[in-house]
Amino acid sequence: MEINPFSSKYPVSPRYFANRKDLLEHFRKSVMKNTKTKLPKPDNIAVLGDWGIGKTSMVVKFEDMILNEFKGMVKVLSVRISLKPASCTDIDVFSEALVREIKCAFQINDASVFKKIKNIIDKWEVNTVEILPVIKIKKKKEKQIRIDLTKTLENLWNNLKKRIDLVVIMLDDLHYLLQRYADGLFDLRNTFQELVTKGCNYMVITTGPQILYQEVGDIAEPWTRFFDPFFLNPFDLEGTKEAILKPIKIEGAPVKIKNEVIEKIHSITLGHPYFIAFIMQNLLERVEKRIIDLKLFDKLYPEILERMDTAKFRTDFDRVSDKEKEVLIKISKIKKELVKPSDIGRKYHPETFSRLVSKGLLTKESRGRYRLYHPLFKKFLLSLD
Ligand SMILES: Nc1ncnc2c1ncn2[C@@H]1O[C@H](COP(=O)(O)OP(=O)(O)OP(=O)(O)O)[C@@H](O)[C@H]1O
Ligand SMILES: [Mg+2]
C-alpha cells in the first residue's frame, strides 16, 4: 500500500499520537497555571517507562502542543534535548552541552515568530566561574573555568521574560546522566530549584526508564520529589484501536482494518506501542486489498513475525553475554508467569537478572520476581531451541 503512516523507528508524529489523555491534560493544565502567575512554581514532570513505550513520542507531542495548540494563548518556549552518553560525563560537559543545545534549538525555530527571541539567544552570554584548584598550580592556563549554569539560565530568563511566560526544558533519556554522573541529578535539581526561587519560570520534563527512577528513589529522594512521576503503560484495547485507526483516517489510506484484526493485534502486542507500530507498518507494506480481515492477517503474520525476529529480538539477544543468553533461554522455558533467580538453578546469580533488567530485557515486577520484557520475545527465545 502506497500510503503507510506507520513507522516503529521514529517517535510517532504528534498528529497520530494516541492515548495518554491524563498526562496530556496534566501537562496542559500545568502550562496554563504556570503561565498565569507572577510567582512561578512550575510542575516538573518525569515521564517514565520501559523501552519503546513512547517516552520520546510524549515529549515530541508536548513540544507540538506548545508550538501549535497553545499558540496565541500563552507565550511558552520549549527546548527538547536528547541526552547522549558522551554529554553526561560530568557537570561541566553537561552544562556546556545544555547551553549549546538550547542555542541550537532556538536557532531552528520558525524565525518569523521567534525573530526577537532569536536575537536574544544570539546575544545570550554564558556566565562562568573560576574554580580554584585545591593545590595551587603555577601555570596560569591550568586554572579551571566552568559554566555557571544557574547564572547563565537566569541571565537568559531575564532577557526573555518580557516576551515569554514560561520556558519548558525537556531532557529525553535522563538515565544517561544517572548512569554516568549520578551527582548531576542533584546539580540539575539545585539549578532549577534556585532558578525558580529567583523568579525564573523554567519547567523541567525528563524521561527515563522506570527502574532507574525506582533505584534512584532510594538514594536521591530529594531529586524524585522534584518531579511528578508519570508511568507510561501499554495501551488498553481502546488505545490500541486509536493507535491503529487514527493515522489511517488522517492520511485517508484506502484500507479498512476489521475489528477482529485490531483485537488480534492487541492480544499479540498487549498494547505495546512499538509492536503495534511495527506490525501495522509491515502489514500495510504487504497488502493491496482494501479490507484486512482476520484471514488475511493470519496469512501475513508469520512473515511479519520473522521480520520482527531479525529487526528486534535477534539484535537484543546478540548484545548480551553468553551467560545472560543462557539465563534468558532458561527463563523462557519456565511455565510460570513470574520467575525468580532460584527457579533456574543456584549458579544463576541475582546479579545476572539485574543486568538483564538494566539492559531492558527483563522486567522486575516485585521484589525478586521477574518476567521477560514481552511475550513475543519469549516466543523468539523458545524458537531458538
Ligand atoms: N502515543 C502514541 N501513539 C501512537 N504510537 C506511539 C505512541 N507512543 C509510541 N508510539 C509508537 O511506539 C514507538 C516507540 O515510541 P518511542 O520511540 O517514543 O518510545 P521510547 O519510550 O522513547 O523508546 P526508547 O526507550 O527506545 O527511547 C514509536 O515508533 C511509535 O510508533
Ligand atoms: Mg526514546
Side-chain angles (χ1 to χ4, degrees), residues 4-28 45-65 69 80-85 88 170-179 205-213 229-251 253 257 262 265-266 268-285 304 307-308 311-313 315-316 319 356-363 373-374 376-377:
N4 192 343
F6 296 95
S7 167
S8 58
K9 289 201 184 73
Y10 304 98
V12 71
S13 154
R15 297 193 311 146
Y16 309 151
F17 190 89
N19 213 247
R20 319 284 188 218
K21 302 263 178 318
D22 292 352
L23 183 46
L24 294 181
E25 193 47 34
H26 177 86
F27 176 68
R28 197 172 284 128
I45 297 175
V47 178
L48 301 163
D50 292 328
W51 165 85
I53 200 77
K55 302 177 293 293
T56 305
S57 300
M58 194 78 230
V59 283
V60 170
K61 176 72 180 173
F62 287 158
E63 199 175 34
D64 180 73
M65 287 164 82
E69 193 185 320
R80 180 170 56 86
I81 298 165
S82 297
L83 299 188
K84 297 169 192 77
C88 291
M170 309 187 203
L171 303 171
D172 194 14
D173 289 335
L174 190 76
H175 51 286
Y176 290 130
L177 188 64
L178 268 180
Q179 283 162 354
I205 299 183
T206 60
T207 79
Q210 207 153 313
I211 184 79
L212 280 170
Y213 191 82
F230 281 83
F231 298 96
L232 297 186
N233 292 315
F235 296 154
D236 59 12
L237 180 58
E238 274 311 300
T240 301
K241 205 173 198 168
E242 193 185 350
I244 292 174
L245 297 182
K246 198 171 175 181
I248 291 177
K249 188 168 173 215
I250 289 176
E251 294 309 326
I257 316 280
I262 295 174
I265 294 176
H266 185 70
I268 292 169
T269 59
L270 299 181
H272 193 294
Y274 170 87
F275 293 115
I276 297 171
F278 190 98
I279 291 179
M280 284 311 298
Q281 181 184 352
N282 279 275
L283 188 62
L284 293 204
E285 268 169 22
I304 297 176
R307 274 288 297 278
M308 202 184 287
K312 172 75 188 137
F313 302 134
T315 327
D316 280 349
R319 70 189 159 91
L356 287 167
V357 171
S358 69
K359 289 179 181 176
L361 302 185
L362 278 187
T363 312
Y373 79 88
H374 199 275
L376 286 169
F377 185 48

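This structure is a prediction, so every number in the text was calculated from the model and none was measured. Counting begins at 1 with the first residue of the sequence. Counting convention: from 1, in listed order, for ligands and their atoms alike.
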Restricting to non-hydrogen atoms, name the atom on H374 and the atom on I268 that form the minimum distance, rounded to 0.1 Å. CE1-O, 3.4 Å
Taking the six-membered ring for Trp, are Y373 and F313 parallel (under 30°), tilted (30 to 60°) or perpendicular (over 60°)? tilted
Residue K249 excluded, over 12 heavy atoms near NZ under 6.0 Å: no
Between D64 (side chain) and V60 (backbone), is there a donor-acceptor pair under 3.5 Å? no
Would you check if the side chain of K246 reaches a backbone N or O of F17 as a donor-acceptor pair within less than 3.5 Å? yes
Pair E238 + K21, salt bridge at N-O below 4.0 Å: no
When you measure from atom 1 (N) of ligand 1 to every protein heavy atom, which one gives the shortest distance, and what is it? A18 O, 2.9 Å
Nearest-neighbour protein heavy atom for atom 20 (P) of ligand 1, which is reported as residue plus atom name and distance: K55 N, 3.4 Å
re atom 10 (N) of ligand 1, the protein heavy-atom contact at minimum distance is P273 CB, 3.5 Å
Tell me whether R20 is salt-bridged to E242, with the criterion being a basic N under 4.0 Å from an acidic carboxylate O. no
Nearest to atom 19 (O) of ligand 1, what protein heavy atom do you find, and at what distance? G54 N, 3.0 Å
Please report which non-hydrogen protein atom sits nearest to atom 18 (O) of ligand 1, along with the residue it belongs to and the distance in Å to one decimal place. S57 OG, 2.6 Å
When only distance counts, is S8 in polar contact with ligand 1, meaning an N/O pair under 3.5 Å? yes
Is the H272 ring parallel, tilted or perpendicular to the Y274 ring (thresholds 30°, 60°)? perpendicular
Result of checking E69, K61, E63, M65 against P14 for side chain to side chain contact (heavy atoms under 4.5 Å, CB included): K61
Could you find the nearest protein heavy atom to atom 24 (P) of ligand 1 and give me its residue, atom name and distance? G52 N, 3.6 Å
Any non-hydrogen atom of I53 lying under 4.0 Å from ligand 1? yes
Among D50, L48, V47, N19, which residue satisfies the side chain to side chain contact (heavy atoms under 4.5 Å, CB included) criterion with L232? V47
Atom 26 (O) of ligand 1 - nearest protein heavy atom and its distance: W51 CD1, 3.7 Å
Testing the basics here: between F235 and T240, what is the closest heavy-atom pair and its distance to 0.1 Å? CB-N, 3.6 Å
Non-hydrogen atoms of F6 versus ligand 1: any pair closer than 4.0 Å? no
Looking only at non-hydrogen atoms, the one of F235, Y10, Y274 nearest atom 28 (C) of ligand 1 is Y10
Tell me the closest heavy-atom pair linking P5 and Y16, and the distance in Å. O-CE1, 3.4 Å
If you have a sec, work out which protein heavy atom is nearest atom 7 (C) of ligand 1 and how many Å separate them, to one decimal? V12 CG1, 3.8 Å
Taking the Mg ion (ligand 2) as the centre, count the protein N/O/S atoms lying under 2.8 Å from it. 1
Please round to the nearest 0.5 Å and tell me the distance separating atom OG1 of T207 and atom CG of D173. 4.5 Å
Mark the output for S7 as yes if a heavy-atom distance to ligand 1 is under 4.0 Å, and as no if none is. yes
What atoms in ligand 1 come closer than 4.0 Å to a heavy atom of A277? 31 (O)
